[in-house]
Structures are given as C-alpha cells and as structure tokens.
Amino acid sequence: MRCLVSEGAIEPPVKINLTDPNLYSHGDPYAQWRWLRKHQPVYWHSPAELPGFWALTKYDDARAVYRDPATFSSRSEEHTSELQSHHDL
C-alpha cells in the first residue's frame with residue numbers, strides 16, 4: 001500500500017466530510033472521492049458525529065486490506081493506533 005500521508009500534502013479544495021448526508025443528496029461526492037484518490041488514497045476521516053475511520057479510495061488498497069483481516073481490523077485499538085501513527089508521519 002502507498003504512504004498514507006506525505007509531507008507537504010495538498011489541502012482539499014473543500015472540507016472532506018464523507019459522512020455528510022447533504023454531500024450525497026445535494027453535493028458532488030464524486031469530486032471529493034476523485035480528489036482523495038489522486039491526493040490521499042488512504043485517508044483518515046477524523047471523528048465528528050461518528051467515530052473516525054479509514055477511507056480507502058483505490059481498489060488495490062481496499063482489496064489488500066480486505067484480504068488481510070489479521071493486520072487490518074477495527075477490533076483492536078492496537079492496530080488502530082498503529083495506523084494512526086502512520087497517518088501522522
């Protein structure tokens with residue numbers, strides 16, 4: 001999988017909020033997903049109304065995570081903090 005965040009990462013043109021129902025009913029979710037695929041294909045969505053989560057925007061990354069539940073699981077805080085530490089690089 002790719003590096004999660006690189007230094008000097010490009011800021012999104014709008015605030016990314018994948019959990020906002022208005023994005024899907026009145027906005028352009030495709031633009032946000034396109035931006036994420038290009039600039040941050042593995043994106044940490046910070047907690048707000050819902051707990052934080054990882055959004056994988058590329059097929060190969062999602063497939064790799066799906067096929068490796070021992071490494072990538074939401075059942076263990078240990079793995080979550082390990083992923084978060086990679087995000088903070």
Discussion item. Using side-chain heavy atoms (C-beta onward) and a distance below 4.5 Å, is Leu50 in contact with His45?
Written reply: no
Practice prompt. Determine the minimum heavy-atom distance between Gln40 and Thr57, stating which atoms define it.
Written response: O-OG1, 4.3 Å
Practice prompt. Quick one: pull up CD1 in Ile16 and CH2 in Trp44 and give me the separation to the nearest 0.5 Å.
Written response: 15.5 Å
Item to complete: First locate atom CG of Asn22, then atom CG of Asn17, and finally report the distance between them rounded to the nearest 0.5 Å.
Response: 9.5 Å
Practice prompt. For residues Pro41 and Asp61, determine if any side-chain heavy atom of one lies less than 4.5 Å from a side-chain heavy atom of the other.
Written response: yes
Worksheet item: Can you find a pair of side-chain heavy atoms, one from Val65 and one from Trp54, that are under 4.5 Å apart?
Response: no
Worksheet entry | Min side-chain heavy-atom separation Leu56-Arg37 under 4.5 Å | no
Item to complete: Mind checking the OH-CZ spacing from Tyr43 to Phe53? Nearest 0.5 Å is all I need.
Response: 8.0 Å
Worksheet entry | Any donor-acceptor N/O pair, Tyr24 side chain to Leu18 backbone, under 3.5 Å | yes
Response to the item:
Shortest non-hydrogen pair, Pro29 vs Gly27, comes out as CD-O, 3.5 Å
Worksheet item: If you round to the nearest 0.5 Å, how far is CD of Gln32 from CG of Asp20?
Response: 8.5 Å
